Amino acid sequence: MLDPRLLRADPHGCAERLATRGYRLDVERLAALEERRKALQTRTQELQNERNRNAKSIGRAKAEGRDLAPLLAQVEGLGAELKAVEAELGAVLAELEALQLTIPNLPHASVPVGPDAGANREVRRWGEPPRFEFEARDHVDLGARLGGMDFEAAARISGARFVVLRGVLARLQRALTQFMLDLHTRSHGYTEVYVPYLVNATSLRGTGQLPKFEEDLFAVRGDAGLYLIPTAEVPVTNLARERIFEPGDLPLRYVCHTPCFRSEAGAYGKDTRGMIRQHQFEKVELVQVVAPEESYAALEALTDHAEAVLQALELPYRTVALCTGDLGFAAAKTYDLEVWFPAQGTYREISSCSNFEAFQARRLQARWRNPATGKPEPVHTLNGSGLAVGRTLAALLENHQQADGAVRIPAALRPYLGGLDRIGPPA
RNA sequence: GGAGAGAUGGCCGAGCUGGUCGAAGGCGCUCCCCUGCUAAGGGAGUAUGGGGCUAAACACUCCAUCGAGGGUUCGAAUCCCUCUCUCUCCGCCA
């Protein structure tokens, strides 16, 4: 949610900045609603004030034993009028809120302006794409040869876009997860958290998945109104909801491993092969809650933390600053990390690191007491994948494959696999 | 799953035979005074969100909030209904 005061004070400025990300802000509609809101709210409060004063004078009169009839006659009709105005105000506020909840965040000034992914700006590259003396296999082939990556079994059990891992590949996924958690907790100052995988609608509204992106979510049957988490971002960021932090409490740095569930409605036909786009995948997520003036330094640091995983795993990647048109709904600025996939001969997203500024914090009512003003003000929130484990597994298989179909295990990961330095097809 | 109890400000805790209660009292915290150190004592202040006013802020003022939502009433922390959560006992269970 944008700052309602800013939206009121400078709607055209907001509209201009939102236009760079392809969102058209209906300034007239907003102004009309705002005008009605102001009139109705003022009127409501006047009537409430009148009611309160009347009630008090009746109370006094009763205490003094005076006749209440004339006073009661005086307030007749006031209640009905108040009720009517309140109802109208409620409707306008609901409409205003519904509109505000669907307005995306303002892009930061440093975000390159452009209509789509084509305008994204590469900021750096790390590592050399491997050159093979043979035809590079993709992770699906490699997985099949190694044994233990079974899409057919998953389809039988659940349907398309699931995978069953067995044996060394299941262990490899677990090893990757452990490695990432250890790196972030030991070297990057994050605290590991364990959180619910089912969350309520309020939590999803807080981080921005609702109301706009309900079709991407799996809702759980029954009347509890719960959803499967699409990312750990939701429960972890909601740790800050309805809280007021003291300056000394910040920054909060959390790392969390969870499965993620995405319905990916409408995405069928794209990236259908392999573990790249699944309904269920593992992810290690980094979340930070920081004082506003720290947030852009925190974004750089958080991105470095995610990059450190790729470097330790010796996976070539590039870092891309998303342009205004490619930015996610809630983000003010985003760096995507794209890892090299040899079989496709291209870089593909494996992490997305974003600063949401106060956009989520305002929806969450996540605040800190700014020592400069002494008042509660929204914090800034950030998150990034550190990393998506399924895609990391796929990238690792593909980048470290050998001519014989075996896969080299990078040194950093070996302690998590009992010292194994390669995994090969069963003898 | 069954039975019962409860949810009040940063914390504890009164109020709950409806009226001057946004809420006693205590603790904590902040500021001031006093005290030649530490201790003790006196005074003032100390919730959150929103509206109006303002170029903005301060100040001022109004509204809302006593778990959430609805209802009764001129008036609800107090009465009624629904929901959520917490605690105790029993059962079940990884």
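Residue numbering restarts at 1 for every chain, and letters A, B, ... go by the order of the sequence lines. The structure displayed is predicted, hence computed values, not measured ones.
The closest side-chain donor-acceptor pair between Glu300(A) and Tyr335(A) falls under 3.5 angstrom. Checking Glu233(A) against Gln360(A) by side-chain atom types alone, a donor-acceptor pair falls below 3.5 Å. Side chains of Thr231(A) and Lys283(A): a donor-acceptor N/O pair is present below 3.5 angstrom, by distance only. Side-chain atoms of Asp182(A) and Tyr416(A) include a donor-acceptor pair closer than 3.5 Å. Of the N and O atoms on the side chains of Asp336(A) and Ser352(A), at least one donor lies less than 3.5 Å from an acceptor on the other residue.
When the C1' atom is used for both rC79(B) and rG18(B), the distance is 8 Å, rounded to whole Å. Comparing rG9(B) with rU48(B), their C1' atoms are spaced 10 Å from each other, to the whole Å. The same atom, P, is picked in rG15(B) and in rG25(B); the two are 15 Å apart, to the nearest Å. Rounded to whole Å, the P atom of rG19(B) lies 16 Å from the corresponding atom of rC80(B). Nucleotides rU61(B) and rG6(B) place their C1' atoms 38 Å apart, quoted to the nearest Å. Distance noted for atom P between rC21(B) and rU84(B): 35 Å (whole Å). Nucleotides rA68(B) and rA56(B) place their C1' atoms 36 Å apart, quoted to the nearest Å. Between the P atoms of rG22(B) and rG36(B), the separation comes to 45 Å (whole Å).
The stretch residues 77-104 of chain A comes close to RNA chain B through Lys83(A), each having a heavy atom under 4.0 Å from the strand.
The pair Glu192(A)-Arg186(A) fails the salt-bridge criterion, with no side-chain N (NZ, NE, NH1 or NH2) lying under 4.0 Å from an Asp/Glu carboxylate O. Of the charged side-chain nitrogens involved, none lies within less than 4.0 Å of a carboxylate oxygen, so that Glu338(A) and Arg348(A) do not count as a salt-bridged pair.
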Could you list, one pair per line, each protein nitrogen or oxygen that sits under 3.5 Å from a nitrogen or oxygen of nucleotides 44-48 of chain B, together with the distance?
from	atom 1	to	atom 2	distance (Å)
rU48(B)	OP1	Arg369(A)	NH1	3.0
rU48(B)	OP1	Arg369(A)	NH2	3.2
rU48(B)	O3'	Arg367(A)	NH1	2.9

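When both distances must be under 3.5 Å, the Watson-Crick or G-U wobble mate of rA5(B) is rU86(B). When Watson-Crick and G-U wobble pairs are counted only if both distances are under 3.5 Å, rG91(B) pairs with no nucleotide at all. In this structure, rA59(B) makes no Watson-Crick or G-U wobble pair, since no nucleotide meets both defining distances under 3.5 angstrom. Across all strands shown, rC21(B) remains unpaired; no Watson-Crick or G-U wobble contact has both distances below 3.5 Å. Both distances falling under 3.5 Å, in either a Watson-Crick or a G-U wobble arrangement, place rU30(B) opposite rA44(B).
A donor-acceptor contact shorter than 3.5 Å is absent between the side chain of Ser158(A) and the backbone of Ala155(A).
Looking at heavy-atom distances under 4.0 Å, Asn49(A) makes contact with sugar-phosphate atoms alone, never a base. Across all strands, Arg8(A) comes closer than 4.0 Å only to sugar-phosphate atoms, never to a base (heavy-atom distances). When heavy atoms are screened at a 4.0 angstrom cut-off, Arg362(A) is found touching no nucleic acid atom at all. Arg51(A) comes within 4.0 angstrom of the backbone, heavy atoms only, and of no base.
Both Arg53(A) and Leu68(A) lie close to RNA chain B; mapped to their nearest nucleotides by heavy-atom distance, the more 5′-ward contact belongs to Leu68(A). Mapping Asn54(A) and Gln41(A) onto RNA chain B by nearest heavy atom places Gln41(A) closer to the 5' end of the strand.
Taken to the nearest 0.5 Å, the CZ atom of Arg241(A) stands 4.0 Å off from the OG atom of Ser203(A).
Comparing atom distances between the Gln45(A) side chain and each of rG22(B), rG19(B), rG51(B) picks out rG51(B) as nearest. The listed nucleotides are rG51(B), rC74(B), rG19(B); the one nearest the side chain of Leu72(A) is rC74(B).
Residues satisfying the salt bridge (charged side-chain N to carboxylate O under 4.0 Å, His left out) criterion with Glu46(A), sequence neighbours excluded, are Arg43(A).
Residue Lys38(A) places no side-chain N or O under 4.0 Å from the OP1 or OP2 atom of rG51(B). Contact between the side-chain N/O atoms of Asn52(A) and the OP1/OP2 oxygens of rA64(B) is found at a separation under 4.0 Å.
In Glu152(A), the CD atom is not crowded: 12 or fewer heavy atoms of neighbouring residues, nucleotides or ligands sit closer than 6.0 Å.
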